[in-house]
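Residue numbers start from 1 in every chain, and the chains themselves are labelled A, B, ... in the order their sequence lines are given, proteins ahead of strands.
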Amino acid sequence: MKEDISLKVNGKEYHVQVEPDTPLLYVLRNQLELNGPKYGCGLEQCGACMVLMDGKADPSCKIPVSEVVNKEITTLEGLISENGELHPLQEAFVEEQAAQCGFCLNGMLISGAWLLQENSNPNREAINEKLKRVLCRCGTHTRIIKAIKTAAKSKQL
Amino acid sequence: MKTTRRNFIKNTSYVAIGFSLVPNLAWISVNEQSSQGVTQQSRITDWLQILDDGRVRVFSGKMELGQGIRIAIAQVAAEELNMNVDFIEVKLAETSTTPNEGYTAGSQSVARSAMSVRKAAAAAAAILIARTAEKYEIKAENLYLKDGMVLSKDGDFRASFFNILDGVQIEEVVPENIQTKSKEDYEVVGTPVARKDIGEMVRGLPMYVQDLRFPGMLYARVVRAAAYDAKLTEFNKENAEKLDVKIIKVKDFIGVISEDEYQAEKAKIFLERDCKWDTETELPVEEFSAEYLKNLSKETENVVNKGNVAFKNNSISAKYFKPYVMHAAVGPSCAIAIFKEEKLEIWSHTQGVYPLRKTLADLLNLNEENIKITGVPGSGCYGHNAADDVAAEAAILAVENPEKYIKLQWTRADEHAWEPYGSAMVMEMEGSLGTNGKIENWKYNVWSDTHSTRPGGDKQNLLPSSFYNGTTAKRPKGYFGGAYRNSEPYYKIPNQKIDAHYFKGPLRVSALRSLGAYSNILAIENFMDRLADKAGEDPVAFRLKHLEDQRAKDVLKKVKEMTLGVELLESEGLGFAFSRYKNSASYFAVAAKVSVENAKVSVKEMWGAIDSGEIINPDGLKNQTEGGMIQSASWTLQEAVKFDQTHVSSTNWESYPIFRFADIPFVHVEVIDRPDEDALGAGEAAQGPSAAAILNAVYRATGKQVAFLPVNKNVSV
């Protein structure tokens with residue numbers, strides 16, 4: 001049975017009619033028509049679907065939408081400020097050209113943004129730890145590590 | 001010239017004719033063809049069109065697979081037309097619009113497609129000058145092109161391309177010999193122009209086939225059988241039917257569609273749980289081994305027979321095994337299809353829109369003219385994965401449920417368990433040294449399944465074909481040539497015998513990045529280290545002694561130089577390897593530093609040097625190479641597709657884990673630019689040598705050889 005559900009995504013309130021056990025990812029992509037979070041596995045194993053929930057990076061592919069109604073959800077789109085300015089990490093990914101196919105970038109950027117929030121100058125171990133849930137098959141990891149370090153530097157300036 | 005309806009174009013609409021650059025039905029061998037661009041008559045307008053807003057639209061029959069082909073193509077066009085690269089728009093593969101360039105495969109996109117665009121753009125530049133000279137009676141030598149304008153050197157004349165052409169596209173045929181811009185004058189080619197699509201990616205803009213949305217679009221899932229050749233015995237749809245879905249069943253093909261994606265997902269789960277299947281063939285779980293695969297083989301092809309191989313009790317030998325490896329795209333395959341008024345339209349991340357169209361015409365009994373396929377990027381594919389299968393299944397659902405856009409999304413388990421893998425292989429090596437300390441005899445045998453079952457017009461190659469037609473799954477032999485790709489060493493060895501043995505293995509296979517070259521190179525390059533040891537020589541020096549090609553020597557020397565000063569702990573080792581991809585494409589040398597602790601190998605750092613001839617975009621080349629090294633390291637250390645008696649049991653990232661951040665080596669790549677040489681394919685060059693460098697490093701660290709993959713299953717220290 002479908003229910004009326006209210007969600008707070010990227011600072012805005014949304015009302016959707018979905019079955020309450022629908023995974024958050026499906027609602028973000030299909031109802032809210034957001035493209036940042038990607039479907040990768042539906043098993044919380046690959047990180048393609050990462051979003052920030054109350055500031056912490058977590059997968060959105062399994063968690064029922066009914067369980068996140070009280071959370072502030074931020075997607076990749078929400079990292080961009082209202083005046084269109086990119087998050088320093090988004091800038092750094094462009095600068096370092098840290099993508100091949102780019103399908104994993106959502107998870108990398110969301111997890112990386114969370115990391116930089118908690119640790120303004122992360123070393124390799126900190127990066128490994130915070131980005132461990134996100135898979136990249138193209139092998140762009142070294143560029144992603146560089147991009148995170150570049151963003152950390154730009155934030156310090 | 002008269003303006004006709006057909007060739008007059010506006011920014012928003014265009015007409016062009018698909019022409020073929022590949023011989024009839026030769027899809028499968030396309031991988032193997034090597035050429036430098038346009039191979040048969042095509043018109044300039046088929047490759048590029050002048051838009052009324054000053055931009056130029058370039059058509060490529062290639063697909064963006066994450067390799068950055070769009071920017072490379074834009075760069076060569078911008079260079080010849082002397083315009084800002086931002087004013088070039090690259091249109092990727094679409095049937096009836098872009099040139100038919102077969103498959104985007106075999107590291108051919110720059111070497112072939114970009115070179116065609118270069119010629120067409122150079123021809124367009126010459127015609128723009130000539131037309132202006134004639135029309136305005138200005139001497140051609142006093143004219144030049146700049147950013148979409150033709151200008152006179154004295155500054156008195158300027159007009160846009162569009163105005164000079166009166167809005168009529170350039171219909172002339174691209175001449176076979178055309179003067180391209182002198183390389184000393186290059187401003188754009190050879191520079192690291194940033195890819196524009198990365199800016200879109202970081203913003204989460206819709207750019208993948210998974211992101212497409214159409215009015216009234218329905219979501220679909222396909223129900224998987226129990227096994228490749230399973231027959232449906234009980235169709236128990238009661239639980240699924242209670243959901244808000246429509247179930248489509250044709251013979252043993254079952255799909256579900258719904259307005260709500262999660263409903264379709266649930267219906268798939270119920271149907272897969274409730275339906276019963278009869279499976280005929282039992283997969284060889286217990287008996288699966290190198291010997292088992294060797295015994296399966298029935299056909300042999302001699303690849304090289306040179307001199308007279310004669311061993312005199314002084315040879316060494318080694319045996320290698322490489323398991324099935326998957327493409328394992330992070331985003332599972334996806335396609336959108338609609339069948340309306342007898343016309344089928346598909347959006348797909350296929351590597352070949354034209355061959356897929358031909359195959360779907362065969363599968364669905366449609367005329368090719370009634371099928372349109374638009375290439376849209378998906379997740380990186382690294383070869384022939386399930387892109388064509390999902391497109392075929394979406395097409396079936398669209399035909400069975402017409403008038404609606406249907407988006408079919410494969411699940412993680414669909415992708416992991418049903419994509420066609422890179423074949424398992426067995427390699428046996430024997431070699432001996434002569435009195436001069438050089439290799440005298442070389443014998444190599446390789447056993448493998450086929451390395452491409454791309455559809456290529458044959459519907460049997462599409463996964464849903466046998467279920468939908470109610471026939472028995474019959475796997476064609478496909479392209480076996482990939483099995484012995486790079487099986488011939490690039491070294492000077494007087495006596496060689498190389499044979500390739502074909503088997504049809506238990507799992508579905510097709511082209512995985514570098515095909516058999518990965519296995520052949522890892523065997524050759526590990527064996528080179530063993531022979532170097534026997535000769536009592538440094539492995540790099542030993543290789544240099546057997547190489548005649550200066551470019552090959554240069555990449556090896558470069559990597560040696562990059563690793564000077566690398567410090568090693570007791571538990572660490574440094575290994576080297578080299579190859580020239582296909583013995584005709586890029587040169588690549590690599591070093592790997594590994595650490596071996598508690599019977600676990602980790603790759604700490606890797607260094608690579610690549611020579612791909614003329615470089616269009618050095619950063620793109622580096623990016624591809626870095627990625628290839630990391631991917632190959634993951635394959636080599638830990639990947640193997642597992643199966644039980646019924647089917648593949650590697651159904652997710654836990655049962656088939658790939659490298660995560662903590663596992664990856666930090667990689668460094670240097671490129672050697674050879675602006676006067678031909679541009680060479682590069683996208684697959686790193687796969688084989690990277691694996692060998694790791695094996696060699698493990699030996700240097702432990703004194704023990706590991707020759708059966710994955711390394712971390714077989715290492716014992």
### Shortest non-hydrogen contact between A/R124 and B/I664, atoms and distance
NH2-O, 3.1 Å
### Message
Please output the residues of residues 654-663 of chain B in contact with chain A, using a heavy-atom cutoff of under 4.5 Å, in numerical order.
### Response
B/E654, B/Y656, B/I658, B/F659, B/R660, B/F661, B/A662
### Task
Answer with side chain, backbone, both or neither: which region of B/K196 has an atom nearer than 4.5 Å to a non-hydrogen atom of chain A?
neither
### Query
Where do B/V202 and A/Q90 come nearest, in terms of heavy atoms and distance?
O-NE2, 2.8 Å
### Nearest atoms (heavy-atom pairs only) where B/Y208 meets A/C101
OH-O, 2.7 Å
### Task
Could you tell me whether A/E95 and B/R195 make a salt bridge, using a distance below 4.0 angstrom between a side-chain N and a carboxylate O?
no
### Message
At a 4.5 Å cut-off on heavy atoms, which part of A/L131 comes close to chain B: side chain, backbone, both, or neither?
### Response
both
#### Entry: Interface residue of largest heavy-atom contact number with chain A, from B/T411, B/D197, B/N652, under 4.5 Å
B/N652
#### Entry: Test: B/E626 and A/R143 ion pair at under 4.0 Å
yes
### Query
Is it the side chain or the backbone of B/P377 that comes within 4.5 Å of chain A heavy atoms, both, or neither?
neither
### Summary
If one checks every heavy atom of A/K38 against chain B at 4.5 Å, the contacting part turns out to be side chain
### chain B contact residues among residues 62-69 of chain A, heavy-atom distance under 4.5 Å
none
### Passing option when B/N623 is tested against A/E96, A/Q97, A/Q100 for side chain to side chain donor-acceptor pair (under 3.5 Å)
A/Q100
#### Entry: Contacting moiety of A/K130, where chain B heavy atoms sit under 4.5 Å
neither
#### Entry: salt bridge (Lys or Arg N to Asp or Glu O under 4.0 Å) against B/R513, all qualifying residues, sequence neighbours excluded
none
### Summary
If one checks every heavy atom of B/R213 against chain A at 4.5 Å, the contacting part turns out to be side chain
### Task
Heavy-atom distances under 4.5 Å only: say whether A/L105 touches chain B with side chain, backbone, both or neither.
side chain
### Query
Do any of residues 25-37 of chain A come closer than 4.5 Å to chain B, heavy atom to heavy atom, and if so which ones, in number order?
A/Y26, A/R29, A/N30, A/E33, A/L34, A/N35, A/G36
